[in-house]
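Okay, structure first, notes after.
Computation of the quantities below employed the complete heavy-atom set of this structure, encompassing side-chain atoms and omitting hydrogens, waters and symmetry-equivalent molecules. Please read all numbers here as calculations on a predicted model, not as lab measurements.
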Amino acid sequence: MNIPDDALQALLRPALAERDGLTRQRALYMALRDAILNGTLKAHSLLPGSRVLAKTLAVSRNTVNASLEQLVIEGFVQRERQGTRVSRLASAPVARDTPVVSLAQRVRNLPQGMPRNSPALAFTPGLPAVNYFPMTTWRRLNERVWRNEGSALLGYGESGGERRLRAAIARHLALARGIHCEVEQIVITEGAQDALMLCIHLLCDPGNIAWVEEPGYNGAKSAFLAAGLQVKGIPVDEEGMTLVETVTPPRIIYTSPSHQYPLGYVMSAARRLQILDAATRGGSWIIEDDYDSEFRYLGDPIPAMLGMTSDPPVVYLGTFSKTLFPSLRIGFMVMPPALAHAAAPVINSLLRGGHRSEQLALAHFIEDGHYARHLAAMRRLYRKRQAHLREALQTGLSMEHRVLGGEGGLHLTLSVPGINDLHVASEARRFGLAPHALSRFYLQPSPTSSGLVLGYGNTSASLFSGSVRTLARLITQSQGG
């Protein structure tokens, strides 16, 4: 079945005339492809020869041949002795209304993620003072890495991360957190969330039970739910997770003992030993999220659970997102020796070494003392900011409230029972403020679980008074005032 020349010209000439920046070859290819897909060019139709087609369309024969060859490669046409013939294709799907998309059951009930603004809004929890980061030093270290390593950095690295960085982290943990570990126990990840996902891959099967703090970090809940685990919230008091002795421990116990998120409590030594004992007896694993323990403003740093007993069933998670800057996307996990040995072959299957230049630059940053100096400077800054925020809250809020958060970290939590904290947080964004609603961190919110989580790491103290007055007005409106 041949195609009349005038019909083919009417079909192809407009496409070549209105190319919208496409080359003639691409425009001709797309016009022929679309005509085949929508049925204008029927199956078994014989196209004119390339010489005839080129003359008819006033284009070069090379252009025609290249377009036809691409159609042959993709199976839209086939070459025969008689010429180029349109292939027989399955019927194109009938256009219908936008389909209803059904997500997997295990992700339908994930906690709603918060938007991440750039630049960040005031009071955004979990963000450090990135404008204080020593960019000049960081740039110089990156240049040194590329100058010394060159193209060797362009290949895959070790699955567990650059050995030099793991060694630097091991030395830092021994001094700062009382964790004595070997390089082989450390795996570098793309942030703490990636480390958490790796823990789930290594230790959990769908249907396993995970205990999380109530209230607690939504990222952990999302990771467990997305992996098909059953998530149970364990209430938190001033001493940390409140375990019931008679209840059988689950497969996973997730906790942030050094600075509970979002309430800021420090888990007592007695409660830590209780959880360690329960996990050891029940064959459970504890995931210790040590997300911001470097920022402690009163007394000595809180020891990590991983360093409290000999070979405990604890996987320790750390991140540089809070101490340096979030987009670095470098975190790490520390496993007990037995788990590290068992997981080594699996790590090679699950991870591919990457971000090698950033990892080596970070290793130099730690080794040369820049990391310790930066932490010291940030502690001084955040200590002052927390004090100023407490003062602003004390003078700017007249309604009943409690300020929680302990003596460390990058946030304070404002407990105000009975308000619609989701609405207050949403309204605050209109004024350039981004506190998080406290009720979002509960699996089972109640009228007494409302409030706001206020990040001060990324917010200048000069903004506190005016911002707190704005929040006070929004809270008062929520209370019907």
Are side-chain heavy atoms of [X] and [Y] found at a separation under 4.5 Å?
X      : Y      : result
Phe76  : Ser87  : no
Ile302 : Ser293 : no
Phe295 : Leu375 : yes
Thr189 : Thr319 : no
Leu127 : Pro326 : yes
Ile252 : Val212 : no
Arg166 : Glu182 : no
Leu165 : Ile330 : yes

I need the [X] [atom1] to [Y] [atom2] distance, nearest 0.5 Å.
X      : Y      : atom1 : atom2 : answer
Met333 : Asp194 : CE    : CG    : 10.0 Å
Leu454 : Leu414 : CG    : CG    : 6.0 Å
Lys221 : Leu225 : NZ    : CG    : 9.5 Å
Gln359 : Ile188 : CD    : CD1   : 5.5 Å
Arg385 : Ser462 : CZ    : OG    : 8.5 Å
His172 : Ile366 : NE2   : CD1   : 7.0 Å

Closest non-hydrogen atom pair, [X] against [Y]:
X      : Y      : result
Pro128 : Phe325 : CG-CA, 4.3 Å
His259 : Gly405 : NE2-O, 2.9 Å
Thr309 : Leu273 : CG2-CD2, 4.3 Å
Leu438 : Ser449 : CG-O, 3.5 Å
Ser439 : Pro445 : O-CG, 3.7 Å
Glu213 : Met241 : CG-CG, 3.6 Å

Stepwise, does the side chain to side chain contact (heavy atoms under 4.5 Å, CB included) test hold for Arg440 with Asn218? CA-CA 8 Å; Arg440 289 183 64 253; Asn218 281 331; 3.9 Å; yes
Donor-acceptor pair, side chain of [X] and main chain of [Y], under 3.5 angstrom:
X      : Y      : value
Ser450 : Asn420 : no
Gln260 : Leu263 : yes
Ser415 : Arg402 : no
Arg296 : Asp292 : no
Thr280 : Leu276 : yes
Glu288 : Leu306 : yes
Asn142 : Glu358 : no
Glu427 : Leu471 : no
Ser67  : Gln25  : yes
Asn65  : Asn62  : no

What verdict does the side chain to side chain contact (heavy atoms under 4.5 Å, CB included) test give for Leu404 and Tyr265, after you've listed the backbone C-alpha separation in whole Å, the side-chain angles of each residue and the deciding distance to 0.1 Å? CA-CA 8 Å; Leu404 311 172; Tyr265 297 135; 3.8 Å; yes
Determine whether the side chains of [X] and [Y] contain a donor N or O and an acceptor N or O closer than 3.5 Å.
X      : Y      : answer
Tyr132 : His374 : no
His370 : Arg373 : yes
Asp237 : Thr242 : no
Gln185 : Tyr316 : no
Arg329 : His355 : no
Ser256 : Asp289 : no

Name the orientation class of the two ring planes belonging to Phe441 and His436 (parallel below 30°, tilted from 30 to 60°, perpendicular beyond 60°). parallel
Does the separation of the ring centres of Phe320 and Tyr371 fall below 6.0 angstrom? yes
So that I can tick it off, tell me whether [Y] and [X] are bridged by a salt bridge, with the cut-off set at under 4.0 angstrom between side-chain N and carboxylate O.
X      : Y      : answer
Glu158 : Arg356 : no
Arg164 : Glu367 : yes
Arg140 : Glu143 : no

Contact list for residues 310-324, test salt bridge (Lys or Arg N to Asp or Glu O under 4.0 Å), sequence neighbours left out: none
Mind checking what makes salt bridge (Lys or Arg N to Asp or Glu O under 4.0 Å) contact with Glu239, not counting sequence neighbours? Arg271
Apply side-chain hydrogen bond (donor to acceptor under 3.5 Å, both in side chains) to residues Glu294 and Tyr382 and explain how you reach the verdict. CA-CA 11 Å; Glu294 291 87 355; Tyr382 297 147; over 6 Å; no
Answer yes or no: does atom CD of Glu407 have more than 12 heavy-atom neighbours from other residues, nucleotides or ligands under 6.0 Å? yes
Do Cys199 and Leu317 pass the side chain to side chain contact (heavy atoms under 4.5 Å, CB included) test, and can you show the C-alpha distance, the side-chain angles, and the key distance before you say yes or no? CA-CA 10 Å; Cys199 286; Leu317 307 186; 4.0 Å; yes
Residue of the set Tyr456, Phe123, Tyr261 for which ring-ring contact (aromatic ring centres under 6.0 Å, His included) holds with His411: Tyr261
Show your reasoning for whether side chain to side chain contact (heavy atoms under 4.5 Å, CB included) applies to Ser460 and His388. CA-CA 10 Å; Ser460 171; His388 285 306; over 6 Å; no
